[in-house]
Amino acid sequence: MSRRAATSPEAAMTLRTFRALRLTVYVGENATWHHRPLYSEIVHRAHAAGLAGASVFRGIEGYGASSRIHTSRLLSLSEDLPVAVVVVDTEERIRAFLPRLGELADGGLVTLDACEVVRWTEACDGPDETDPEGKKSL
């Protein structure tokens with residue numbers, strides 16, 4: 001929210017929603033790509049691709065294809081905790097990013113979910129924001 005909207009009671013806010021696609025990549029914390037954490041490589045590639053944003057979430061417990069439970073509760077098993085990398089952008093941009101993600105394939109799980117992005121903007125805003133190429137951004 002802008003500073004003006006936060007401090008000015010007369011600044012009317014308008015709710016806007018956008019259809020989007022959420023990409024979630026589940027990997028082990030110790031997974032690497034060329035000696036770099038895989039989750040970090042995914043975030044940097046998403047940034048380079050101009051995607052709206054990416055976040056990494058570290059799990060406290062989980063298991064994957066190996067069926068071995070990893071947990072932060074026991075020191076001996078606290079290695080290789082589950083990590084989720086979440087990226088949200090337009091469907092077009094997320095789908096265009098999938099081949100770049102595929103180059104990193106290591107057997108991790110990838111999911112795509114339709115979602116809705118909610119933004120509050122000042123009522124006096126003009127047309128939707130666009131990137132330099134004229135594509136709608138979130």
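Every heavy atom of this structure was used, including side-chain atoms; hydrogens, water molecules and symmetry mates were not.
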Visitor: Between Gly53 and Val87, what is the shortest heavy-atom contact and its length?
Guide: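 In this case the closest contact between Gly53 and Val87 is O-CG1, 3.3 Å.
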Visitor: Is there a side-chain contact between Val25 and Leu104 (heavy atoms, below 4.5 Å)?
Guide: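 They are not in side-chain contact.
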Visitor: Could you please spell out the steps behind the side-chain contact (heavy atoms from CB on, under 4.5 Å) verdict for Thr32 and Leu38?
Guide: CA-CA 4 Å; Thr32 60; Leu38 181 58; 5.8 Å; no
Visitor: Any chance you could measure Leu51, atom CG, to Ile42, atom CD1, to the nearest 0.5 Å?
Guide: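 That separation rounds to 12.0 Å.
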Visitor: Quick check against the 3.5 Å criterion: does Asp89 have a side-chain atom that pairs as donor or acceptor with the backbone of Ile94?
Guide: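 No; judged by distance alone, with no hydrogens or angles, the pair does not exist.
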Visitor: If you look at every heavy atom in Arg58 and Glu29, which pair is closest and at what distance?
Guide: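 Looking at all heavy atoms of both residues, the closest pair is NE-OE2, 2.6 Å.
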Visitor: One pair to check against side-chain contact (heavy atoms from CB on, under 4.5 Å): His44 and Trp33. What are the steps and the verdict?
Guide: CA-CA 12 Å; His44 282 84; Trp33 173 259; over 6 Å; no
Visitor: How long is the span from the CG atom in Leu81 to the CD atom in Glu61, to the nearest 0.5 Å?
Guide: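 If we round to the nearest 0.5 Å, Leu81:CG and Glu61:CD are 9.5 Å apart.
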Visitor: Working to the nearest 0.5 angstrom, can you tell me the gap between Thr90 OG1 and Leu21 CG?
Guide: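 Answer for the OG1-CG pair, Thr90 versus Leu21, is 8.5 Å.
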Visitor: So, for Val88 and Ala20, which heavy atoms are closest and what is the spacing to 0.1 Å?
Guide: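 Closest approach of Val88 to Ala20: CG1-CB, 4.0 Å.
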Visitor: What pairs with Arg95 under side chain to side chain donor-acceptor pair (under 3.5 Å), at least two apart in sequence or on another chain?
Guide: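 Glu91.
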Visitor: Can you tell me how far the CD atom of Glu116 sits from the CZ atom of Arg22, to the nearest 0.5 Å?
Guide: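 Glu116 atom CD to Arg22 atom CZ measures 12.0 Å (nearest 0.5 Å).
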Visitor: Would a distance-only check, ignoring hydrogens and angles, find a side-chain to backbone donor-acceptor pair under 3.5 Å from His47 to Val43?
Guide: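 No.
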Visitor: Is it true that a side-chain atom of Arg16 and a backbone atom of Thr121 form a donor plus acceptor pair closer than 3.5 Å?
Guide: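 No; judged by distance alone, with no hydrogens or angles, the pair does not exist.
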Visitor: For Thr111 and Tyr26, run side-chain contact (heavy atoms from CB on, under 4.5 Å): C-alpha distance rounded to whole Å, both residues' side-chain angles, the deciding distance at 0.1 Å, then the answer.
Guide: CA-CA 8 Å; Thr111 62; Tyr26 299 92; 3.9 Å; yes
